[in-house]
A.B. asks: 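Take this structure, written in structure tokens, and hold onto it; I'll ask about it next.
Just the heavy atoms: all of them, side chains too, but no hydrogens, waters or symmetry mates, feed the values below.
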Amino acid sequence: MNIVIIDYNAGNIRSVDFALHRLNVRAEITNDHEKILSADKVIFPGVGEASTAMSYLREHNLDKLIRNLKQPVLGICIGLQLLCKSSEEGNTECIGVFDEKVVKFEPKPGFKIPQMGWNTIYNLKNGIFSSDIENEYVYYVHSFYAELGENTIATTNYVNEFSAALHRDNFYATQFHPEKSGSVGAKILENFLKLEQ
């Protein structure tokens with residue numbers, strides 16, 4: 001299987017590669033258009049700031065390339081946010097695969113922002129989630145989140161309910177980090193890798 005991890009100057013890409021290695025899967029980290037287009041599966045991970053990341057994607061024509069991919073694509077963390085319509089972070093217009101908007105957590109007593117640590121996912125709908133993952137814990141690091149919407153396939157509650165994962169057509173995305181979520185995250189990555197084109 002030909003797996004590509006999109007390299008777009010964002011942080012935390014290597015940890016996804018290491019997680020795939022633990023599953024005995026080899027991936028190539030690249031921003032080469034031809035390699036991305038010819039991949040069986042594409043992973044779009046990262047940690048970073050939305051407006052900076054989108055500037056890089058536009059400068060390298062990766063925004064249009066990603067939007068038009070036909071094979072299964074998995075966005076992770078800022079990858080999910082960049083696949084949404086827009087982000088309040090830097091007042092950024094994003095790729096627009098998902099109609100949901102990305103907003104900043106409102107301060108609330110008893111809640112630290114960013115959310116850093118483990119939280120449960122629930123209301124799982126389909127695709128990359130098997131029924132045994134309902135209410136399991138996954139790992140988060142984020143200050144912004146995608147609102148609930150028609151593409152929401154998993155929910156988490158921190159300050160308020162938000163989209164833990166989104167799905168539309170061949171695009172899947174998680175706000176949490178499956179690569180840092182132990183056996184549950186490994187199962188989610190495996191489920192993604194098993195998806196048919």
Side-chain angles (χ1 to χ4, degrees), residues 1-8 10 12-47 62 65-84 95 97-98 100 118-142 146 149-156 162-197:
M1 195 182 334
N2 178 14
I3 311 295
V4 159
I5 299 170
I6 297 178
D7 183 3
Y8 62 107
N12 207 49
I13 287 176
R14 290 276 169 202
S15 64
V16 176
D17 191 34
F18 294 146
L20 293 174
H21 274 250
R22 291 194 293 273
L23 297 173
N24 293 315
V25 174
R26 296 290 174 263
E28 183 171 6
I29 300 172
T30 182
N31 63 5
D32 181 279
H33 286 217
E34 290 306 315
K35 288 180 177 178
I36 295 169
L37 286 168
S38 64
D40 297 314
K41 304 280 191 312
V42 175
I43 301 178
F44 181 42
V47 171
L62 286 165
L65 178 83
I66 292 167
R67 188 184 301 119
N68 293 310
L69 290 174
K70 303 301 180 197
Q71 66 271 66
V73 177
L74 177 64
I76 297 173
C77 194
I78 198 171
L80 172 142
Q81 296 178 11
L82 297 176
L83 288 170
C84 289
I95 293 171
V97 168
F98 304 123
E100 286 72 17
W118 298 83
N119 208 333
T120 55
I121 50 174
Y122 55 91
N123 291 343
L124 307 183
K125 298 246 173 93
N126 66 357
I128 56 175
F129 299 114
S130 40
S131 59
D132 57 339
I133 294 172
E134 183 82 25
N135 293 314
E136 289 285 355
Y137 282 85
V138 291
Y139 189 78
Y140 285 94
V141 182
H142 65 126
E150 63 178 19
N151 298 303
T152 302
I153 58 166
T155 304
T156 289
F162 63 87
S163 293
L166 298 168
H167 169 230
R168 181 179 180 184
D169 301 328
N170 56 309
F171 288 88
Y172 298 79
T174 64
Q175 179 60 63
F176 58 88
H177 289 271
E179 78 280 9
K180 295 183 176 181
S181 297
S183 60
V184 172
K187 188 171 288 186
I188 292 166
L189 288 173
E190 284 183 322
N191 290 343
F192 170 73
L193 294 173
K194 288 175 186 170
L195 291 171
E196 298 293 327
Q197 273 191 242

A.B. asks: Between D32 and V4, is a side-chain contact (heavy atoms from CB on, under 4.5 Å) present by the stated rule, with each step listed?
C.D. replies: CA-CA 10 Å; D32 181 279; V4 159; over 6 Å; no
A.B. asks: If only atom types and distance count, is the side chain of K41 paired as donor or acceptor with the main-chain N or O of L74 below 3.5 Å?
C.D. replies: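 Pair absent, no side-chain N/O of K41 close to backbone of L74.
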A.B. asks: What distance separates I6 CD1 from I66 CD1, expressed to the nearest 0.5 Å?
C.D. replies: 4.0 Å
A.B. asks: Take the angle between the ring planes of H177 and Y139 and call it parallel below 30°, perpendicular above 60°, tilted in between.
C.D. replies: tilted
A.B. asks: Within a strict 4.5 Å, meaning less than it, do heavy atoms of the T156 and Y140 side chains meet?
C.D. replies: yes
A.B. asks: Should P178 and I76 count as side-chain neighbours, where that means a heavy-atom distance under 4.5 Å?
C.D. replies: yes
A.B. asks: From D17 CG over to I3 CD1, what is the distance, rounded to the nearest 0.5 angstrom?
C.D. replies: 11.0 Å
A.B. asks: List the atom of G149, the atom of S163, and the distance in Å for their closest heavy-atom pair.
C.D. replies: N-OG, 4.3 Å
A.B. asks: Considering all heavy atoms of both residues, which atom of N2 and which atom of A39 are nearest to each other, and what is their separation?
C.D. replies: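 For N2 versus A39, the nearest heavy atoms are ND2-CA, 3.5 Å.
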A.B. asks: Which heavy atom of N31 sits nearest to which heavy atom of D7, and what is that distance?
C.D. replies: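 It is CB-O, 3.1 Å.
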A.B. asks: Are V73 and V97 close enough, and set up right, to give a side-chain contact (heavy atoms from CB on, under 4.5 Å), and what steps lead you there?
C.D. replies: CA-CA 11 Å; V73 177; V97 168; over 6 Å; no
A.B. asks: Would you say the side chain of V141 lies within less than 4.5 Å of the side chain of V47, judging by non-hydrogen atoms?
C.D. replies: no
A.B. asks: Using modelled atom types and a 3.5 Å cut-off, is there a donor and acceptor pairing between side-chain atoms of E100 and backbone atoms of N151?
C.D. replies: yes
A.B. asks: Please work out which of the three classes, parallel, tilted or perpendicular, describes the rings of H167 and Y172, given edges at 30° and 60°.
C.D. replies: parallel
A.B. asks: Taking side chain to side chain contact (heavy atoms under 4.5 Å, CB included) as the criterion, tell me which of I153, N135, I133 meets it with L124.
C.D. replies: I133
A.B. asks: Check whether more than 12 heavy atoms from other residues, nucleotides or ligands sit under 6.0 Å from atom OH of Y137, and answer yes or no.
C.D. replies: no
A.B. asks: When rounded to the nearest 0.5 angstrom, what distance separates NZ in K180 from CH2 in W118?
C.D. replies: 10.5 Å
A.B. asks: Return the CG to CZ distance between L83 and F171, rounded to the nearest 0.5 Å.
C.D. replies: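 If we round to the nearest 0.5 Å, L83:CG and F171:CZ are 6.5 Å apart.
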A.B. asks: Taking all heavy atoms of L193 and all of L20, pick out the closest pair and write down the distance.
C.D. replies: CD1-CD2, 4.1 Å
A.B. asks: Applying side-chain contact (heavy atoms from CB on, under 4.5 Å) to L37 and L69, what does each step give before you reach the verdict?
C.D. replies: CA-CA 7 Å; L37 286 168; L69 290 174; 3.9 Å; yes
A.B. asks: Using the ring of each side chain (for Trp, its six-membered ring), is Y8 parallel, tilted or perpendicular to F44, with breaks at 30° and 60°?
C.D. replies: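 Tilted, since the angle between the ring planes falls between 30° and 60°.
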A.B. asks: Do S130 side-chain atoms and D132 backbone N/O form a donor-acceptor pair below 3.5 Å?
C.D. replies: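 Not at all, since once roles are kept as given, no pair shorter than 3.5 Å links the two residues.
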A.B. asks: Can you give me the closest heavy-atom contact between P45 and V16, atom names plus distance?
C.D. replies: CB-CG2, 3.6 Å
A.B. asks: Not counting sequence neighbours, list each pair that qualifies as a side-chain hydrogen bond (donor to acceptor under 3.5 Å, both in side chains) and has a residue in residues 65-79.
C.D. replies: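 As it turns out, there is no side-chain hydrogen bond (donor to acceptor under 3.5 Å, both in side chains) pair with a partner in residues 65-79 once direct neighbours are skipped.
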A.B. asks: Nearest 0.5 angstrom please: I78 CD1 to H142 NE2, how far?
C.D. replies: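 Output value for this atom pair is 12.5 Å.
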A.B. asks: Report the distance from atom CG of L189 to atom CD1 of I43, rounding to the nearest 0.5 Å.
C.D. replies: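 Reported value, rounded in 0.5 Å steps: 6.0 Å.
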A.B. asks: What do the steps show when you test C84 against L166 for side-chain contact (heavy atoms from CB on, under 4.5 Å), and what is the final call?
C.D. replies: CA-CA 9 Å; C84 289; L166 298 168; 3.7 Å; yes
A.B. asks: Would you say R22's side chain and E179's backbone share a donor-acceptor pair under 3.5 angstrom?
C.D. replies: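 Answer holds: yes.
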A.B. asks: So for atom CZ, which belongs to R26, do other residues, nucleotides or ligands contribute more than 12 heavy atoms lying within a distance under 6.0 Å?
C.D. replies: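 Atom CZ in R26 is packed in, count exceeds 12.
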A.B. asks: Tell me the closest heavy-atom pair linking Q175 and F162, and the distance in Å.
C.D. replies: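 Between these two residues, the closest heavy atoms are CG-CE1, 4.3 Å.
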